[in-house]
Amino acid sequence: EAKHKGKSAYARFTPEMSEVSHERLQMESHMRKALELGEFELYFQPIVDTASGGLVAAEALLRWNNPAMGMVMPDRFIPLAEETGLIIPIGEWVVKEACQAAYCWQAMTGREISIAVNVSPRQFRDPGFTDAIMRALNDSNLRPELLELEITERLILDNSIETADILKQLDKVGIRLSVDDFGTGYSALSYLKSYPFDTLKIDKSFVQDVLKENEDASLVRAIINMAHSLGLKVVAEGVEEEDLTHFLKAEHCDYSQGYFYSRPLPEQDFIHWLETNERANLK
Ligand code: C2E
Ligand code: MG
Ligand code: MG
Ligand code: MG
């Protein structure tokens, strides 16, 4: 066993790999300082009511502006932040900023706009997780019902008692819970019945091919119907084309999100979008 381990460790140590790990180490050291240096920024993407096109919520999407690396997208750094545990302080910052922003928009517009925040497994399993969420709500004065936590199936499917307890605790205070990237995990649908979810977000990989592939249209239709019969709302992710909005309307998909409505925007641009969209909807 020890011999085997030693051998595989040796075999892994190729020049290309050491280059990769050098890059990772550098990224990790940059990331350790990024919070202090204020390099993280939240972008906001509108989530609209499919029938009316009116704004109902925004999803907070993390961006990392690093002088050496430029704008780093989450798929490039979230996995490393998870591995190193840095996702815990970073995630805390995200939920705090997101709640403050949503409260601000409410004060500005007199309208309640929900804020959806992504939660990674490592962050969710941290013992301080629920306290951090409660602190963000208290400090911002945002109503818990306006905070929506997006959780992936990967996390739910560990089926642990702790997962169930935390979800129950969050649900009890009124926080909304959604399943992100629905359909991409090994869906054991029974969790939908036993956990207090409010919303399913259909993964964009299904949504985007709805007009090209009959199978995807059938799947999306089936997911919407199943969700509704379980009392859940549905968000279609990755809506890029107008034709798709007709399909989603016809199928009674509650909410939509995607480039057709807007890309994720820096906060100032989001506020501008919000004001323009509101005016358009009053006409
Ligand atoms: P997600 O939560 O599924 O977020 C949706 C992703 O789809 C976002 O990518 C968004 O920009 C992209 N998207 C939205 N509309 C469209 C569309 O019409 N077409 C296409 N092709 N893409 C669209 P982004 O911002 O790069 O984020 C990627 C993932 O990173 C997120 O997927 C989420 O899992 C993760 N992430 C982002 N912010 C955070 C965060 O604060 N914490 C954690 N733990 N994860 C985050
Ligand atoms: Mg999400
Ligand atoms: Mg609930
Ligand atoms: Mg998603």
Side-chain angles (χ1 to χ4, degrees), residues 31 34-35 39-48 50 57-65 71-102 114-126 129 132-133 136 147-156 176-185 187 197-211 220 223 234-245 248 253 255-267 269-270 273:
M31 209 190 296
L35 263 183
E39 292 177 356
F40 289 112
E41 187 182 353
L42 289 186
Y43 274 43
F44 298 96
Q45 186 176 34
I47 300 174
V48 304
T50 307
E59 178 171 4
L61 294 159
L62 188 58
R63 301 291 181 258
W64 178 15
N65 278 302
M71 170 81 94
V72 192
M73 298 300 277
D75 289 334
R76 257 186 79 203
F77 68 87
I78 298 277
L80 185 60
E82 278 236 354
E83 268 174 57
T84 55
L86 284 168
I87 193 65
I88 293 159
I90 295 171
E92 225 169 281
W93 178 86
V94 168
V95 73
K96 199 180 105 225
E97 286 285 309
C99 289
Q100 271 171 11
S114 296
I115 185 76
V117 174
N118 294 286
V119 174
S120 76
R122 177 86 182 254
Q123 190 188 351
F124 184 89
R125 295 200 182 96
D126 182 68
F129 175 67
I133 300 290
L147 175 63
E148 179 132 7
L149 298 178
E150 298 194 355
I151 289 155
T152 57
E153 288 182 315
R154 188 159 58 96
L155 190 156
I156 302 153
R176 305 291 186 220
L177 299 168
S178 53
V179 182
D180 204 352
D181 305 336
F182 183 78
T184 58
S187 307
F197 284 104
D198 301 285
T199 308
L200 292 190
K201 298 192 75 170
I202 310 177
D203 192 69
K204 54 178 174 284
S205 58
F206 300 108
V207 174
Q208 287 181 329
D209 290 333
V210 151
L211 301 174
V220 168
I223 294 172
V234 184
V235 182
E237 287 188 323
V239 179
E240 292 183 2
E241 304 160 61
E242 182 155 28
D243 285 353
L244 197 50
T245 68
L248 295 168
C253 178
Y255 308 118
S256 299
Q257 175 180 0
Y259 297 167
F260 172 69
Y261 299 99
S262 169
R263 293 193 169 251
L265 301 168
E267 188 173 8
D269 297 348
F270 173 77
W273 185 94

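Remember, it's 1-based here, ligands and their atoms both numbered in the order they're listed. Quick caveat, the model's predicted, so the values are computed rather than measured.
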What protein heavy atom is closest to [atom], reported as residue, atom name and distance in Å?
atom                    : answer
atom 46 (C) of ligand 1 : N118 CB, 3.7 Å
atom 10 (C) of ligand 1 : L61 CD1, 3.9 Å
atom 28 (C) of ligand 1 : D75 OD1, 3.6 Å
atom 36 (N) of ligand 1 : P74 CB, 3.9 Å
atom 1 (P) of ligand 1  : D180 OD2, 3.7 Å
atom 15 (N) of ligand 1 : Q45 NE2, 3.0 Å
atom 22 (N) of ligand 1 : Y259 OH, 3.3 Å
atom 38 (N) of ligand 1 : L62 N, 3.1 Å

(request) Answer with side chain, backbone, both or neither: which part of E237 has a heavy atom less than 4.0 angstrom from an atom of ligand 1? (result) side chain
Between [X] and [Y], is there a donor-acceptor pair closer than 3.5 Å when you use the side chain of the first and the backbone of the second?
X    : Y    : result
W273 : Y261 : yes
R122 : E83  : yes
Q45  : S262 : yes
D198 : L177 : yes

Consider ligand 1: state whether an atom of it lies below 4.0 angstrom from any non-hydrogen atom of [X].
X    : result
P264 : yes
K204 : yes
E82  : no
K201 : no
R263 : no

Those atoms of ligand 1 less than 4.0 Å from some heavy atom in [X]:
X    : result
M73  : 26 (O)
D181 : 3 (O)
V94  : 41 (O)
Q208 : 19 (N), 20 (C), 21 (N)
E240 : 17 (C), 18 (O), 19 (N), 20 (C), 21 (N)

(message) Under a plain distance cut-off of 3.5 Å, with no hydrogens placed, do E82 and S120 share a side-chain donor-acceptor pair?
(response)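 A pair is found: one side chain offers a donor N or O, the other an acceptor, under 3.5 Å apart.
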Starting at [atom1] of [X], measure out to [atom2] of [Y] and round the result to the nearest 0.5 Å.
X    : Y    : atom1 : atom2 : answer
L35  : I90  : CG    : CD1   : 5.5 Å
F182 : T199 : CZ    : OG1   : 12.5 Å
I202 : D181 : CD1   : CG    : 12.0 Å
Q123 : I88  : CD    : CD1   : 7.5 Å
F206 : I223 : CZ    : CD1   : 5.5 Å
L62  : I78  : CG    : CD1   : 5.0 Å

(message) Pairs of nitrogen or oxygen atoms closer than 3.5 Å, one from E59 and one from ligand 1: do any exist?
(response) yes
(request) Write down the atom of E153, the atom of G183, and the distance for their closest heavy-atom approach. (result) OE1-N, 3.5 Å
(message) Quiz question for you: does at least one protein heavy atom lie closer than 4.0 Å to atom 32 (O) of ligand 1?
(response)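 Within 4.0 Å of atom 32 (O) of ligand 1, no protein heavy atoms are found.
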(request) Look at E237 and state whether any of its N, O or S atoms is less than 2.8 Å from the Mg ion (ligand 4). (result)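 Yes - counting backbone and side chain alike, E237 has an N, O or S atom under 2.8 Å.
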(request) Give, rounded to 10 degrees, the angle between OD1 (N118) and OE1 (E150) as seen from the Mg ion (ligand 2). (result)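 N118 OD1 and E150 OE1 form an angle of 90° at the Mg ion (ligand 2).
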(message) Please name the atom of D180, limited to N, O or S, that comes nearest to the Mg ion (ligand 2).
(response)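 For D180, the N, O or S atom at the smallest distance from the Mg ion (ligand 2) is OD2.
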(request) Could you tell me which N, O or S atom of E59 is nearest to the Mg ion (ligand 2)? (result) OE2
(request) Could you tell me whether E59 and K201 have a side-chain N and a carboxylate O separated by less than 4.0 Å? (result) yes
(request) Write the atom name of the N, O or S atom in D181 that is nearest the Mg ion (ligand 4). (result)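 Result for D181 and the Mg ion (ligand 4): OD1.
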(request) Answer yes or no: is there a side-chain heavy-atom contact under 4.5 Å between P46 and Q257? (result)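 The answer is no; the side chains never approach within 4.5 Å.
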(request) Report the C-alpha distance between L149 and F124 in whole Å, list the side-chain angles of each, state the deciding distance to 0.1 Å, and finish with yes or no for side-chain contact (heavy atoms from CB on, under 4.5 Å). (result) CA-CA 10 Å; L149 298 178; F124 184 89; over 6 Å; no
